[in-house]
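None of these values were measured; they are calculated from a predicted model. Scope of the values below: all heavy atoms of this structure, side chains included, with no hydrogens, waters or symmetry mates.
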Amino acid sequence: MQLNEIQVQKPKMGLAGAMAANSLNMIGVGPFITIPIALAAMAGPQALLGWIAGAILSLCDGFVWAELGSAMPYSGGTYHYMLEAFGRERFGHLFSFLFLWQTILSSPILIASGAIGFAEYSTYLWPSLGNHQIILIGVAVCLLCTALLYRNIHSIAVISIIVSVIVVGTAFWVILTGATHFHAAQVLDFPPHAFRLDHAFFLGLAGSTIISIYCYNGYNNVCLIGDEVESPQRA
């Protein structure tokens with residue numbers, strides 16, 4: 001048999017691994033570092049409206065990504081979508097190229113925000129940490145993530161599932177703790193004219209919604225690794 005006739009089966013993520021990898025892109029420190037900013041945007045607990053609006057927008061956008069990912073299950077996601085949307089012989093290559101460049105700029109910023117949040121929360125365990133030590137922890141987190149991702153896709157799927165179990169368990173722990181220490185007064189203590197539909201209200205709602213979308217971000221990341229997923233139309 002000739003070498004070019006040999007079919008090499010590349011390892012791929014199963015449904016569980018793909019779901020875990022995608023979930024980990026959504027569940028992170030985002031809410032823990034942005035909740036105070038969202039509350040400040042609307043000056044009260046009515047900022048929850050921003051989280052609800054962000055959830056609805058993210059859900060609608062997620063349906064769009066699901067259809068696109070199923071129709072064009074290629075690694076690269078948006079690169080291929082723009083290539084087809086604007087035409088391979090017209091502006092498709094330009095917009096796909098620009099997307100890749102903005103990804104090079106924006107992705108490190110998103111990753112850095114997670115590392116910063118992790119490092120700052122480390123001070124709850126070690127209050128004596130100084131600024132330089134916090135920076136070193138953030139750098140170490142980025143290097144650790146790089147090391148974990150620098151392996152074949154099957155290993156990444158296994159790691160994603162293990163970490164997802166830990167993360168979901170922690171999330172339920174936080175929810176249970178919040179439920180058992182619930183104080184209605186803190187949730188329902190709205191400031192005067194909190195729901196007056198004026199310019200300030202909608203400006204604050206827009207601000208808190210943008211912040212919540214940042215925290216929901218990541219629901220589309222599985223579309224970026226379509227070639228690495230078994231039966232991507234189903235996943």
Side-chain contact test, heavy atoms from C-beta onward, threshold under 4.5 Å: evaluate it for [X] versus [Y] and give yes or no.
X	Y	result
L98	Q102	no
S96	Y81	no
L39	P36	no
V64	N220	no
H193	F201	no
T170	I166	yes

(message) Once side-chain hydrogen bond (donor to acceptor under 3.5 Å, both in side chains) is applied, what residue pairs with a partner in residues 40-61 remain, sequence neighbours excluded?
(response) D61-W65, D61-Y219
(message) side chain to side chain contact (heavy atoms under 4.5 Å, CB included), that's the test. Do M82 and F91 meet it? Break it down for me.
(response) CA-CA 9 Å; M82 288 190 169; F91 297 103; over 6 Å; no
(request) Using the rule that two of Ile, Leu, Val, Met, Phe, Trp, Tyr join whenever any of their side-chain heavy atoms come within less than 4.5 Å, decide whether F172 and I162 are in one cluster. (result) no
(request) Spell out, yes or no, whether V167 and L144 are grouped together once hydrophobic residues are joined by side-chain heavy atoms under 4.5 Å, including indirect joins. (result) yes
(message) Is the distance between the ring centroids of Y79 and F99 under 6.0 Å?
(response) no
(message) For the backbone of L205 and the side chain of S208, can you confirm whether one donor and one acceptor N or O come within less than 3.5 Å of each other?
(response) yes
